[in-house]
Chemist: 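This is the structure I have questions about; it appears just below.
So that the names make sense, note that chain A is the first sequence line, chain B the second, and so on, each numbered from 1.
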There are 2 protein chains.
Amino acid sequence: MSFMNFDGRKRVVIENVKPEIDGGRFPAKRVVGENVRVTADVFTDGHDKVAAVIRYRGPSDEEWHEKRCRFNGADRATAEFQVTDLGPYLYTVEGWVDHFASWQSDLKKKYDAGQTVNTEVKAGILLVREATKRAEPGDAKRLSSLAASIEREKDADRAVALCFGTELTELMDRWPDRGFSTVYERELLVTVERKRALFSSWYERFPRSCTTDPERHGSFRDCIEMLPEIRRMGFDVLYLPPIHPIGETKRKGKNNNPESEPEDVGSPWAIGSREGGHTAIHPDLGTLEDFLDLVEAGKSQGIELALDLAYQCSPDHPYVKEHPEWFRWRPDGTVQYAENPPKKYEDVLPINFETDHWQPLWEELRDVVLFWIDKGIRVFRVDNPHTKPFVFWEWLLGEIRRDYPDVIFLSEAFARPTVMYRLAKIGFTQSYTYFTWRNTKWEFESYLTELTQGDKREYFRPNFWTNTPDILPEHLQYGGRPAFMMRLLLAATLSSSYGVYGPVFELAVSEAVPGKEEYKDSEKYEVRQWDWEQPGHLRDFIARVNRVRQENPAFQTTWNLRFVEVENEYLLAYIKYDESMESLLLVVVNLDPYHTQSGWLKVPIGELEIDPEKPYLVHDLLGDGKYIWHGERNYVELNPKVLPGHIFQVRKRLRRESDFDYFV
Amino acid sequence: MSFMNFDGRKRVVIENVKPEIDGGRFPAKRVVGENVRVTADVFTDGHDKVAAVIRYRGPSDEEWHEKRCRFNGADRATAEFQVTDLGPYLYTVEGWVDHFASWQSDLKKKYDAGQTVNTEVKAGILLVREATKRAEPGDAKRLSSLAASIEREKDADRAVALCFGTELTELMDRWPDRGFSTVYERELLVTVERKRALFSSWYERFPRSCTTDPERHGSFRDCIEMLPEIRRMGFDVLYLPPIHPIGETKRKGKNNNPESEPEDVGSPWAIGSREGGHTAIHPDLGTLEDFLDLVEAGKSQGIELALDLAYQCSPDHPYVKEHPEWFRWRPDGTVQYAENPPKKYEDVLPINFETDHWQPLWEELRDVVLFWIDKGIRVFRVDNPHTKPFVFWEWLLGEIRRDYPDVIFLSEAFARPTVMYRLAKIGFTQSYTYFTWRNTKWEFESYLTELTQGDKREYFRPNFWTNTPDILPEHLQYGGRPAFMMRLLLAATLSSSYGVYGPVFELAVSEAVPGKEEYKDSEKYEVRQWDWEQPGHLRDFIARVNRVRQENPAFQTTWNLRFVEVENEYLLAYIKYDESMESLLLVVVNLDPYHTQSGWLKVPIGELEIDPEKPYLVHDLLGDGKYIWHGERNYVELNPKVLPGHIFQVRKRLRRESDFDYFV
């Protein structure tokens, strides 16, 4: 009993394993094709050498795979494995004392010091003979033969030389003695999602405003008409605010007016009426058949439809009568509406998750997701998840993902960092961020460093939104068209997932409710029509930026961002490149929408393996300018009224001949 | 089944709990009387208020105790508990939605916004009525009465005022609804040791060199004679290198000579001879009775005896014949001696912890510790623990501590950081450190910041040694007497545990083996006598420094260290104070043993709550100088030939009258 949990011969220690989120409480995240780079401190007592492997298994693997670790310094073991299947992978670390390598190392030191090593050589032969028992027959035969040849060798120097033979070393490495190996005490998880979980370009649009006919409520049929232009702009996710029937009781009027007129259409987030709730479709948008047609039309053009998952009800939602136990009731007998005192949202009832009847409630809410999954939806934007219990989301996302590992959930939580990171840990695929309120160089550098360089990158995938129906940020109100271009460029190149809310974005609509970051005449409360004939819309610019993202793999991940020094507080510069360094981009953005800014960049030519003695070409994929640069310090100048940024493709290997071609 | 592990109504999240070492795999450490400050992120969905407690229980508690957390910012909960008993404490965190506080907060916002709140007040009355069911009878009665008085109040403003009454708020806080509270998923451990685990002054001495009679091998009786002087110097732990019989086979001669003369006494670390092993006493040192007398004499003078736990054997150790299975045997039939190729330690055999017979081996090694515990020993300095398996130590320390939680183990591992920190995590009380090789201001500041400001302070207690029988550092070889004083001052004031190896330290012995950091004519290999009549020994200086440590609680912990700016790279300055700020010390040390150095200190008067408008007194407890200082910038000058440092006691509240007294 006193030796419980101990084995005296397991001498290797494994600790400080990464990724490991909250002591293994939560999984890390990857998309198909990404690597999981696992590091751990693996060491033993004394001066023996150790060896280690990362063990991992995918969702359909019946056995563990292994990758041998390399050691960085004395103790830091590292290996990568690539994930190829959707679903959960397990991984852990195993280490053992490498007696053969230890013996070789000691033998070399003794021999180099001129000591007699006959006995040591004999000890090594014993190690080789032991290995024949573990090796497969062919290798065992070779090992026996190698042992015999060392034994036969009468010349001491030549015998020692044989002990370090390449074949012997490789074979011994292939058949180590792992009888007393240590396996790390935790099996860790990584959840693998599809590539769009990491690389996605979102376009938000109110379907009811998708017609230019002022007489008509827009419909799914109108949305289908709109798809080619969305595709041309380069978006791959079309997110629609709630498409369900809208309540009439306490319906909001235009501009969030508590009183509505009979013709007012209300907020789509006031979900549910006599016509149905979360699985019903607003009759003016069309039928379920129209909806299915839209889903299919999108698919055929490479655009996925994303629905809004807003777990709240208008007072007219069928749940209120059918399940009064899912709501809070006030002492005066009325149902409790949503509030953030002193603000009231009387057109919306929050669900009472503290109800004793939480189990049927949870099942119903899950069935809403399954209903739309059944209709072909695989992307959900979740409205205010931080106002529902974390434990509910952890359960729901787990339930859905078990059967549908391809479903993507975007968390719309603008909340405290603890809250936003917790939502990511419990399973949300992507998250809204503070990008919308980051403006200065220092803000971008510190926030992006937090997102991309620390442990958070293991589980928090940012989705950078330029604007939303709730947020018209101040810089867009006052910065004019250059600010819209600058913000698009930042969102689309700092994060591999980003989104815009259109068409107010492409049209550079900047009129706000005075003193607030809210749209005047917001589409949230009325049907709007938009004038596509006005000059200066940004659709071509957006199309160009999205094409650059599609053509350059370096923009298809968020994790490869490195900031670059530039001697001007208004210029933000960063490099992104893929592992091969084939796709090597340098982005420079002018954060000042009013003035031309210029400065000297310090290109990290060492990291980029650029020859300091030779010129190299940078090609601006936005403005199409081409520049020959040289060494670290190079000059940039950006007039925001022309273009607020460069996306330079860096061509390191500038060949004299092709240069010429390139410039003509 | 699908709801397994979930409760929908437990809305509070608890994460980022500290201290939590390696996801709870290892305990934190404290000594009796210290506080455990526990912090955690505790939050919920929406905007509800949360409340939290730290739960903890001591080794003899039958129930959990609780301390209510205060919140720092939105989510960071903090509470402290004091540990008073030896042994393991458990702690965890519990949090719940505070519906009453949430209701009060919302009520206030609505009322302040001029909204009608009659229904809200009624909802609050219901909350109070619910609480009466949880409260003890007296409180329940008061709550009923308070609810009734709100209900009776016809004036709306006065009714609202009653809702914020102090008594009501306190009573509701005392009887919260914790039915759906969340308990953090891990119970964490803190191991509590006695105060000496944190505050100790060690003196190392070879007992065989404790006589000035050149004809005689020193003995325990000689050690008893020596105790009053050790006490006068202010040490409280006397550590003796191994006291066991020494092997004869391959015995080392003077100065580590592989060949020995018949009169050579050998290294005490070559443990074991025909006369016995790890539980036997070297006959020349005395009998077991003499040993027990030494233990008792030490106790009566406040000095604890520490023994050396060196798990290795001379070739003559009884184990070699009785348990050949505990050693490695070479192909030539000889037993494997210790080596660190190409170095050989032929007088010492390592134990083979990979033996199949590891269980009886471990039990025997544990029994060695229990043998000496039975003789009154409670402090062990463990020789080279990093050359024995970590898993063995984890088991051994756990076994011993279960029955003897007062036993202190000092880890003598000079190894890589991973190794040293792991030994601390698995249970060693204190550890040797890199102090011995830290010399520059930058080195001290960065190393001490690592030890005292990060997570490591939760489990790694440094013990700073000026020198050891193995290490005569270069700065002591070349820096003269000022270097010895400076190093003592640093060791004794940077770390609450420190040690010196004497008498070579007090006598400022600096003669090394050329080109090495080893003592010439080392006591490890011969009996030495020392001349106490020579001038300039450091015993009075040591006594003074140790007295300052004993009289000033701020020096009795390592964790309160803060560095202070001083404009000279050779001057190191730091403050230490206890929680009450009664014991407030400022140490300034000249790191240059050759030259007078001076500079301007930047005293952190804000942190120290010193009035910038008024003078304050600093009293040098070493040199007895007194200085009136003013504001931040103050001048210091240190001549190392006089005194290499100041230990200023800062008297913040300088009263004009007592000043005068103080200076006369």
Chemist: B/W395 versus chain A, heavy atoms under 4.5 Å apart: side chain, backbone, both or neither?
Modeler: both
Chemist: Measuring heavy-atom distances to chain B, does A/T119 have an atom under 4.5 Å in its side chain, in its backbone, in both, or in neither?
Modeler: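 For A/T119, heavy atoms of backbone and side chain both lie under 4.5 Å from chain B.
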Chemist: Which atoms of B/R76 come close to chain A, meaning under 4.5 Å heavy atom to heavy atom: side chain ones, backbone ones, both, or neither?
Modeler: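 Neither part, no heavy atoms under 4.5 Å.
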Chemist: Flag the one option from B/E363, B/K10, B/E20 with the top tally of heavy-atom pairs under 4.5 Å to chain A.
Modeler: B/E363
Chemist: For the candidates A/R416, A/K122, A/E394, which exhibits the highest count of non-hydrogen atom pairs separated by less than 4.5 Å from chain B?
Modeler: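 With the most close heavy-atom pairs to chain B, the winner is A/R416.
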Chemist: Could you look at B/H99 and say if it's the side chain, the backbone, both or neither that has a heavy atom under 4.5 Å from chain A?
Modeler: side chain
Chemist: Residue by residue, scan residues 385-392 of chain B and write down, ordered by number, those that have a heavy-atom distance under 4.5 Å to chain A; if none do, write 'none'.
Modeler: B/H386, B/T387, B/K388, B/P389, B/F390, B/V391
Chemist: Roughly how far, to the nearest 0.5 Å, is the CD atom of B/Q359 from the CZ atom of A/F6?
Modeler: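 If we round to the nearest 0.5 Å, A/F6:CZ and B/Q359:CD are 11.5 Å apart.
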Chemist: Which members of residues 335-345 of chain B, sorted by number, sit under 4.5 angstrom from chain A on a heavy-atom basis?
Modeler: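 Against chain A, the residues of residues 335-345 of chain B that fall inside the cut-off (heavy atoms, under 4.5 Å) are B/E339, B/N340, B/P341, B/P342, B/K344.
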Chemist: With respect to chain A, which residue among B/N16, B/L126, B/D356 yields the maximal number of heavy-atom pairs within a distance under 4.5 Å?
Modeler: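 Greatest number of close heavy-atom pairs with chain A: B/D356.
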Chemist: When rounded to the nearest 0.5 angstrom, what distance separates CG in A/D45 from CG in B/L423?
Modeler: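 Reported value, rounded in 0.5 Å steps: 9.5 Å.
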Chemist: Distance check, rounded to the nearest 0.5 Å: B/F353 atom CZ versus A/R11 atom CZ?
Modeler: 9.5 Å
Chemist: Answer with side chain, backbone, both or neither: which region of B/T182 has an atom nearer than 4.5 Å to a non-hydrogen atom of chain A?
Modeler: neither
Chemist: Verify the distance criterion only: is there a donor paired with an acceptor across the side chains of A/T418 and B/D41 at less than 3.5 Å?
Modeler: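 Side-chain D/A pair, A/T418 to B/D41: absent.
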Chemist: Looking at chain B, which one of A/D75, A/T355, A/D332 has the largest number of heavy-atom pairs inside 4.5 Å, strictly under?
Modeler: A/D75
Chemist: Is it the backbone or the side chain of B/Q115 that comes under 4.5 Å from a heavy atom of chain A, or both, or neither?
Modeler: side chain
Chemist: Between CG of A/N118 and CZ of B/R330, what distance do you get to the nearest 0.5 Å?
Modeler: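 Those atoms lie 10.0 Å apart.
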Chemist: Using non-hydrogen atoms and a 4.5 Å limit, figure out which bit of B/E185 sits close to chain A: side chain, backbone, both or neither.
Modeler: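 Answer is side chain: those atoms of B/E185 sit under 4.5 Å from chain A.
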Chemist: Between B/K425 and A/E15 (salt bridge meaning N to carboxylate O under 4.0 Å), is one present in this structure?
Modeler: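 Counted as a salt bridge, because a side-chain N and a carboxylate O are separated by less than 4.0 Å.
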Chemist: Under 4.5 Å, counting heavy-atom pairs only, tell me which of B/A113, B/G24, B/G46, B/P331 racks up the most with chain A.
Modeler: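 Between B/A113, B/G24, B/G46, B/P331, the count favours B/P331.
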Chemist: Against chain B, label A/D7 side chain, backbone, both or neither, depending on which of its atoms sit under 4.5 Å from a heavy atom there.
Modeler: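 Looking at A/D7, backbone and side chain both touch chain B.
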Chemist: If we define contacts as heavy-atom pairs under 4.5 Å, which of B/G114, B/A413, B/A123, B/P350 has the most with chain A?
Modeler: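 So the answer, after comparing B/G114, B/A413, B/A123, B/P350, is B/A123.
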Chemist: For chain B, which candidate among A/K108, A/H47, A/E120 shows the most heavy-atom pairs at distances under 4.5 Å?
Modeler: A/H47
Chemist: Check whether A/D48 gets within reach of chain B through its side chain, its backbone, both or neither, counting any heavy atom under 4.5 Å.
Modeler: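 Answer is neither: A/D48 stays 4.5 Å or more from chain B.
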Chemist: If you count every heavy atom of other residues, nucleotides or ligands that lies below 6.0 Å from A/K109 atom NZ, does the total exceed 12?
Modeler: yes
